[in-house]
J.: 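Shown below is the structure under consideration.
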Amino acid sequence: MIRPVREKFPLSLRSLRKVDEVKRPSSIWSRMLGNTKFRWGLTIFMLFVLMAILAPVISPYSPTLTSFTPLDPPSLKHLLGTTANGQDVLSQVIWGTRISLGVGVGAGALSIVISIAIGLLAGYKGGLADKILTTVTNIVLVIPGLPLIIVVAAYVRATGPLTIALVIGLTGWAWGARVLRSQSLSLASRDYVTAAKLQGNSDAYIIRQEILPNMISLIVANFVYSVLSAILAEAALEFLGFGNVSDVSWGTMLYWANNGQALLSGAWWWFVPPGLAIAMVGASLALMNYGVDEIANPKLSVHRKRRANKRS
Amino acid sequence: MKFVAQRFLFLLLSVWAAITINFFLPRMMPGNPAEVMLARYQGKLNPQALHALALQFGISHQPLWVQYWSYLISLLHGNLGVSVSYYPTPVTTVIAQSLPWTLALAGTATVISVVAGTWLGVISAWHRGTIVDDILPIATTVSSAIPYFWMALLLLYLFGFLLGWFPLGHAYSTIMVPSWSAGFVGNLLAHAILPLSTILISSLGGWLMSMRNNMLHILDDDFMTFGEARGLSSRRLVYIYAARNAILPNLTGFSMALGFVVSGALLTEIVFSYPGLGYQLFTAVENEDYPLMQGLFLIIALAVLLANFITELIYARLDPRVREE
Amino acid sequence: MIESGHVLNVSHLTVDYGNENTPALALRDVSLSVDPGEFVGLVGESGSGKSTLAYAILRLLHGGRVVEGSIEVSGQNVYELDSNHLRKFRWETVSMVFQGAMNSLNPVLTVEQHIFETIRAHDESVTLTALRSRTDELLDMVEIDKRRAQHYPHQLSGGMKQRVVIALAIALNPKLVIMDEPTTALDVVVQRAILDRIGEIQKRQRFAVLFITHDLSLVEQIAQTVSIMYAGKIVETTPVEQLLTGTLHHPYTRGLLNAIPELLEDNVAISSIPGHPPEITRLPSGCAFHPRCLYAKDECRMSPPILKLYAGSWIACERLPELEELYSDQ
């Protein structure tokens, strides 16, 4: 086993900056894109994004049109068959991408913004602010999310995608905040941050220039993770009928399939495609997350090199 | 001891937070949902019950802190109000009927999933570099992305409808009378297998992967090589050295994972009409039975918080560094 | 198999960490022997391959492989042992104090449990009473209070952890104890105390020691023989007296000696060796030291020099016969 050689470097600001420069954002992005798992995940996800954008072009029928034979199994006319209400399943899956991805990305973005704000503030400022924020974060973390979302959704009667995204985003930030806090805590005590402070730079400047760029991979991982759990939570809420059931989304499709006795009538083509779509988007996000994780913790992929050694 | 005291303090704090959220939720919501509910039940319930409901949901001229105080007092007396859909059954009675089902289902599933997932994680990390190690990450990533309720639907369709191996829902056949007879217990198990499998399939991968990743970190630690150099058996190295240390960070990740498993279990119950807290919560929302809904949320939150606290105690038992602080 | 009489005999050992495309030779043609009871110092910079040698002796090269040469311990080829004999060989014959002694102990086991499990792994029949008295004896030897037996690693100071690791290393009365930078992480006073302790125990128990360090001044005081490593190769093996009396040495050894500040002498110029050691994936041709050597000439770039005996030392340098003259010209 080759042990890492700890290089001693002179403690001048110049050299400290140089050490830091190696990990600048541009190289992190390229490292993420260089990871096979991340690239696969991103490709699959972008295909779904494309599907959402091009829905009017590629969808064979209108998703709300009810004029077809109900519960028609897959055929050339309806590649994924029809629902009990005589809607085309394929068109619904294609159009459903919009709400599922929109809510997922929107809620994920909201979560990550809150996570960053709270994580940075707690980790960088420390002291009493840190104590309070950490306690709040831990509490939000342990209070089960889905039941809370269900209760809130039950009270807010007029739910649409926007409300759902808001509720999910506002309840899902705790894990990210916790991870980002410990990262910024460790970054804030690095020598180059101390050096920047001694040079009289403002906190805002230091956070922008020294802290944030070094958290990019963590932020990406947490964003991806937030989007994943938001998509799953959204689907769950709509499946339970807490969304607007007249919207076309993967969750509402499953709601109608479940209430329309899709199982009893053996209409697997009705409930399999939307669930598969959720699983595929979810897997693409999980792959991206896994890829970022491999970059951040090289040990996770170390076994590959070892095996290469054994073979030779 | 200091650690345990600290965790107990956190338990109290988080319980208080859950209670407080529970108190403020109906009062903060736009559109005054409580009044809508009261209007719906006007005439169906007697005036005293309506008055009690009004008080419970903040339709009152008393200052907020007085309401809050009397809410806390009534909680201390174990009073969660009266269910309107099961009127006049108290909320606590309804919960007491559904709690055991959830505890049995989610509890069993969680224990099996944690134990099996952790063990498989240990095995796969120890045999890193084999074909299993290539497939595993992909398989678990995909399985972690499958929604619980869809997995439930799939299993229900395959093994319930198509193959007819298992019943389609509920905890036991309604024609049977609950008893400890072999027939009834077998009936219970037959009903539990599909929901149990749903939770297991969806949650096992998470435990497996996090244990595997922790193991991979530990395997490179100096004390592993030192143990190997001392001629310790590989059995001892795997379990007393690697796994014993790798399990510690896994336990701290329990708090987040538990929330997910419980949420997943609730969804699974709904699909299988399994009469636990999740199914009850779902019907309470459908019936706009706000007192029952709030009571259920509180109980679910408390159960999760308590499970977390117990995990912390186990953690303290396993890690000498924490135990003595 | 030839019974050599050495407790350790490494001959022409080459270890590769790379793959087919890029070899990374951590050790190149290393030969080294240790006699019973001998204290040998192995000195080299970080990355010179000295730890690799230690791991290679115990067959603990994770990811590296022996491509040439052999290692014999008490006449037995280490790489021909089956897994059961290997497990026995480790610690019963050769034990090792690791570089990262701070992290060598399992955080969830007490000092006593560490000693117990080590002895039990090699003798299942040992009684609890015997284990207890052996633990007391070992802790006594490394001067640790008996009450510490119940303590966990996190409750011990760095120096105490190091003593526990040493106690573990001698628990089974091995013939050879490899010590890989055993005191590097400790402060100077503790370092001194531990070194003295090692010296005393070694004299009493009569095991051989292969002491690995980057600090030449450390081994000067306790070793009998010193080997100097550079870029995966032993460039010089010499009796310790020769280091102190300043006879002829390899240019690299000379550089190391000049870099030691002598507190007691005035006006001695301290000089460091210019340049950096090479990376093992990009070794210079010929003598790996030639880019940094003041005396290098063309032939040094051609073929790697082999160890030759000269005035009581084994030295690997193409310009060996001329060195004396070259040094005096300075």
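Residue numbering restarts at 1 for every chain, and letters A, B, ... go by the order of the sequence lines. Just so we're clear, the structure is a prediction, and the values are computed from it rather than from any experiment.
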J.: Without placing hydrogens or testing angles, list every side-chain donor-acceptor pair under 3.5 Å for residues 269-276 of chain A, not counting sequence neighbours.
T.:
unit_1   : atom_1 : unit_2  : atom_2 : d
A:Trp269 : NE1    : A:Asp72 : O      : 3.3
A:Trp269 : NE1    : A:Thr82 : O      : 3.0

J.: Measure distances from B:Ile21 to the heavy atoms of chain A and classify the residue's part below 4.5 Å as side chain, backbone, both or neither.
T.: side chain
J.: With a 4.5 angstrom heavy-atom cut-off, could you sort out which part of B:Leu281 is near chain A: side chain, backbone, both or neither?
T.: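 The side chain, not the backbone.
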J.: Heavy-atom cut-off 4.5 Å, strictly under: side chain, backbone, both or neither for B:Phe10 against chain A?
T.: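 Looking at B:Phe10, just its side chain touches chain A.
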J.: B:Val285 vs A:Leu240, test: side chain to side chain contact (heavy atoms under 4.5 Å, CB included). Steps then yes/no.
T.: CA-CA 10 Å; B:Val285 172; A:Leu240 296 178; over 6 Å; no
J.: Less than 4.5 Å to any heavy atom of chain B: does that hold for the side chain of A:Asn289, its backbone, both, or neither?
T.: neither
J.: Is it the side chain or the backbone of B:Met209 that comes within 4.5 Å of chain A heavy atoms, both, or neither?
T.: side chain
J.: Which heavy atom of B:Val304 sits nearest a heavy atom of A:Val142, and at what distance?
T.: CG1-O, 3.4 Å
J.: Could you tell me which portion of B:Phe161 (side chain, backbone, both or neither) has an atom closer than 4.5 angstrom to a non-hydrogen atom of chain A?
T.: side chain
J.: Between A:Tyr155 and B:Glu288, is there a side-chain heavy-atom distance shorter than 4.5 Å?
T.: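 Heavy-atom side-chain distance check fails, nothing below 4.5 Å.
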J.: Walk me through it: do A:Val152 and B:Leu25 pass the test side chain to side chain contact (heavy atoms under 4.5 Å, CB included)?
T.: CA-CA 7 Å; A:Val152 174; B:Leu25 267 182; 3.8 Å; yes
J.: Less than 4.5 Å apart, side chain to side chain, heavy atoms only: is that true for B:Phe297 and A:Ile143?
T.: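 They are in side-chain contact.
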J.: Which pair of non-hydrogen atoms, one from B:Ala145 and one from A:Ala283, has the smallest distance, and what is that distance?
T.: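 Shortest heavy-atom separation between B:Ala145 and A:Ala283 comes out as CB-N, 3.1 Å.
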J.: Check whether any side-chain heavy atom of A:Phe239 sits under 4.5 Å from a side-chain heavy atom of B:Tyr148, and report yes or no.
T.: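 A:Phe239 vs B:Tyr148: side chains apart.
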J.: With B:Phe272, which residues qualify under ring pair (Phe, Tyr, Trp, His ring centres under 6.0 Å), at least two apart?
T.: none
J.: I'd like to know which of B:Ala18, B:Ser14, B:Gly278 tops the heavy-atom pair count under 4.5 Å against chain A.
T.: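 Looking at each of B:Ala18, B:Ser14, B:Gly278 in turn, B:Ser14 comes out on top.
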J.: Using side-chain heavy atoms (C-beta onward) and a distance below 4.5 Å, is A:Trp268 in contact with B:Leu162?
T.: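 The answer is no, as the side chains (C-beta and beyond) never meet within the 4.5 Å cut-off.
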J.: What part of B:Leu266 gets closer than 4.5 Å to chain A, counting heavy atoms only: side chain, backbone, both or neither?
T.: side chain
